[in-house]
Number of protein chains: 2
Amino acid sequence: MSDTSGLLPLPLAGEPVAERSDAARNRAALLGAARELVAEHGAENVTMDDVAARAGVGKGTVFRRFGSRAGLMVAVLDQSEAHWQSQVISGPPPLGPGAPAWERLEAFGRSRLETTITHGDLLRAAGAGGSRSGPAASFVLQHVHHLLLELGVTGDVRLLATALLAPLEIELLDELRTTGIDTERILRGWLDLARRIVGGR
Amino acid sequence: MSDTSGLLPLPLAGEPVAERSDAARNRAALLGAARELVAEHGAENVTMDDVAARAGVGKGTVFRRFGSRAGLMVAVLDQSEAHWQSQVISGPPPLGPGAPAWERLEAFGRSRLETTITHGDLLRAAGAGGSRSGPAASFVLQHVHHLLLELGVTGDVRLLATALLAPLEIELLDELRTTGIDTERILRGWLDLARRIVGGR
DNA sequence: GTATGAAACGGACTGTAGTCCGATTACCTC
DNA sequence: GAGGTAATCGGACTACAGTCCGTTTCATAC
């Protein structure tokens with residue numbers, strides 16, 4: 001009961017109740033194995049058994065740590081997107097800070113479109129909500145939300161940001177490109193959409 | 001070689017090369033079985049074996065006719081949406097024809113949002129592209145495209161229509177509602193988006 | 001160091017989507 | 001109506017995601 005020591009496993013805020021050392025080690029091993037296998041064979045050709053074997057753990061462990069195949073892919077994705085995020089947070093303008101908000105939004109669209117296509121197989125493997133769950137996803141939403149506010153957009157900005165991101169989801173892009181619409185046209189369309197949402201420009 | 005008879009299986013346009021009678025019979029039986037099972041147990045609890053058994057055919061046949069579980073669900077969906085489509089084509093305004101385009105678009109959004117949520121389980125089972133493939137999906141796109149044109153929207157109207165539909169996809173709606181955003185707010189947000197896309201209003 | 005309880009482990013097991021190929025059947029020609 | 005052929009059929013088979021539970025390992029207390 002009495003917390004005599006001041007140096008405990010700090011059960012501070014909400015959930016993250018600290019992870020046992022073997023658990024942490026396995027999480028890292030699994031993430032590494034998954035990253036390698038995805039790089040070698042493409043996300044669509046990586047099975048959970050593969051990942052478990054490469055990491056040298058049992059299959060049950062993969063699921064205990066990541067919940068599902070989609071969950072694992074989201075975790076890999078979050079790693080892969082770290083560099084992109086750093087570009088947005090502290091890279092050179094106009095993607096990074098320092099440029100006017102509208103130019104940052106333009107740069108964001110261009111860059112996000114590229115990144116989504118590059119990580120296409122991971123995003124598809126991460127499943128429907130893959131591009132919408134996990135740290136990477138909320139970072140993106142947060143960023144657009146912020147830019148829209150800076151641009152003086154009024155109303156339900158949260159929903160407008162979501163609406164602006166929706167057409168950049170991989171499934172939709174796949175569909176459009178299958179129909180013969182190329183990336184260039186998609187980008188122009190998105191910029192037009194952004195312009196209309198932001199208003200007068 | 002020589003086409004002496006004028007009354008052949010008419011290989012007219014593109015694909016539909018006519019279906020053998022047993023094939024057609026089985027397609028109908030499968031569709032019926034699937035519809036019943038979905039109604040009884042919900043799409044997420046219907047397996048391909050169930051459907052094959054209920055229709056009294058082999059499992060291979062289900063896949064030959066519909067390609068995949070998602071394909072089957074899209075087919076069921078297309079049936080389920082027939083009534084909704086008829087409302088749009090020839091029902092009373094403002095959803096049906098006769099009302100000003102803007103009012104029709106408002107009615108469309110409201111109605112589409114409801115329908116998507118109602119058919120949620122089917123749409124989810126139809127998978128990512130489920131709401132974007134099949135006759136039902138292209139009908140919806142076509143309709144929005146048409147209304148936007150009537151409203152004098154200029155630019156890449158095809159892409160704008162797609163962008164306007166994207167936030168109504170079931171996965172996104174699920175996500176929003178999980179976050180505690182209710183249907184009413186989603187609808188208001190969508191109408192705001194539509195207003196911005198259409199311009200001045 | 002030892003004891004103890006909780007958490008994590010692993011791999012056999014289950015359920016289901018999707019494939020394969022020999023047997024069957026519809027349909028056209030003569 | 002017999003024959004030929006290409007499409008269709010069916011159900012055993014494969015591959016993979018996800019579950020379950022007896023066993024092992026970690027962390028803390030004493």
Side-chain angles (χ1 to χ4, degrees), chain A residues 1-5 7-11 15-30 33-34 37 41-74 124-128 130, chain B residues 1-11 15-30 33-34 37 41-75 124-128 130:
Chain A
M1 266 350 136
S2 57
D3 185 353
T4 47
S5 153
L7 302 154
L8 287 186
L10 69 153
E15 313 304 282
V17 199
E19 203 165 58
R20 232 171 71 170
S21 66
D22 50 350
R25 198 176 336 114
N26 285 337
R27 152 167 282 131
L30 285 167
L37 288 168
H41 306 116
E44 67 273 25
N45 298 313
V46 174
T47 71
M48 298 302 263
D49 288 282
D50 289 345
V51 176
R54 170 82 64 116
V57 306
K59 185 178 185 175
T61 302
V62 191
F63 283 90
R64 194 162 331 90
R65 282 283 86 71
F66 298 99
S68 68
R69 185 183 146 87
L72 175 60
M73 295 304 177
V74 167
R124 275 181 291 264
Chain B
M1 268 347 135
S2 57
D3 186 352
T4 47
S5 153
L7 301 155
L8 288 186
L10 69 153
E15 313 304 281
V17 200
E19 203 164 56
R20 231 170 71 170
S21 66
D22 50 350
R25 198 176 339 114
N26 285 338
R27 152 167 281 130
L30 285 166
L37 287 168
H41 308 115
E44 67 273 25
N45 298 313
V46 174
T47 72
M48 297 303 262
D49 289 283
D50 289 345
V51 176
R54 169 82 63 115
V57 306
K59 185 178 184 175
T61 302
V62 191
F63 283 89
R64 193 162 332 92
R65 284 281 85 73
F66 298 100
S68 68
R69 184 181 147 86
L72 175 60
M73 294 304 178
V74 168
R124 276 183 290 265

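Below, all heavy atoms of this structure are taken into account, side chains as well, without hydrogens, waters or symmetry copies. Here is how names work: the chains are called A, B, and so on, in the same order as the sequence lines, proteins then strands, and each is numbered from 1.
In terms of position along DNA chain C, the nucleotide closest to Arg69(B) lies nearer the 5' end than the nucleotide closest to the other residue of the pair Arg69(B) and Arg64(B). Looking at which nucleotide of DNA chain C each of Phe63(B) and Ala23(A) is closest to, the 5′-most match is held by Ala23(A).
Atom C1' of nucleotide dG10(C) and atom CG of Leu30(A) are separated by 12 Å, given to the nearest angstrom. Rounded to an integer number of Å, the gap from CE of Met73(A) to P of dC16(D) is 12 Å. Atom CG of Asp49(B) is separated from atom P of dA17(C) by 7 Å (rounded to the nearest Å). As rounded to whole Å, 15 Å separates atom P of dC16(D) from atom CG of Leu72(A). The interatomic distance linking Phe66(A) (CZ) with dA17(D) (P) rounds to 15 Å, in whole Å. For the pair Glu19(B) CD and dA6(D) C1', the computed distance is 15 Å after rounding to whole Å. Taking atom CG on Asp50(A) and atom P on dA17(D), their separation rounds to 8 Å, with Å as the unit. Note: CD (Glu44(A)) to P (dC16(D)) measures 13 Å, nearest angstrom.
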Report all interatomic pairs (protein N or O, nucleotide N or O of nucleotides 22-26 of chain D) with separations under 3.5 Å.
unit_1  : atom_1 : unit_2   : atom_2 : d
dT25(D) : O2     : Arg20(A) : NH1    : 3.4
dT25(D) : O2     : Arg20(A) : NH2    : 3.0
dC26(D) : O4'    : Arg20(A) : NH2    : 3.4
dC26(D) : O3'    : Ser21(A) : OG     : 3.4

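Phosphate proximity of dC16(D) to Thr47(A): absent, as no side-chain N or O sits under 4.0 Å from OP1 or OP2. A close approach under 4.0 Å does occur between a side-chain nitrogen or oxygen of Asn26(B) and OP1 or OP2 of dC9(D).
Using a 4.0 Å heavy-atom criterion, one finds that Arg65(B) contacts the sugar-phosphate atoms exclusively.
Candidate nucleotides dA12(C), dA8(C), dT19(C) were compared by shortest atom distance to the side chain of Lys59(A), and dA12(C) ranks first.
The shortest heavy-atom contact between Ala33(B) and Arg54(B) is CB-CG, 3.4 Å. Minimum interatomic distance between Arg65(A) and Arg27(A) (heavy atoms only, all atoms of both residues): O-NH2, 3.4 Å. Leu30(B) approaches Ala52(B) most closely through the heavy-atom pair CD2-CA, 4.3 Å. Summarising the geometry of Asn26(A) relative to Val57(A), their closest heavy-atom pair is OD1-CG1, 3.4 Å, with the distance given to 0.1 Å. Closest heavy-atom contact between Ala75(B) and Phe66(B): CB-CE2, 3.7 Å. Arg69(A) and Ala125(A) get closest at one heavy-atom pair: NH2-CB, 3.8 Å.
Put simply, CE on Met48(B) and NZ on Lys59(B) are 8.0 Å apart, with the number rounded to the nearest 0.5 Å.
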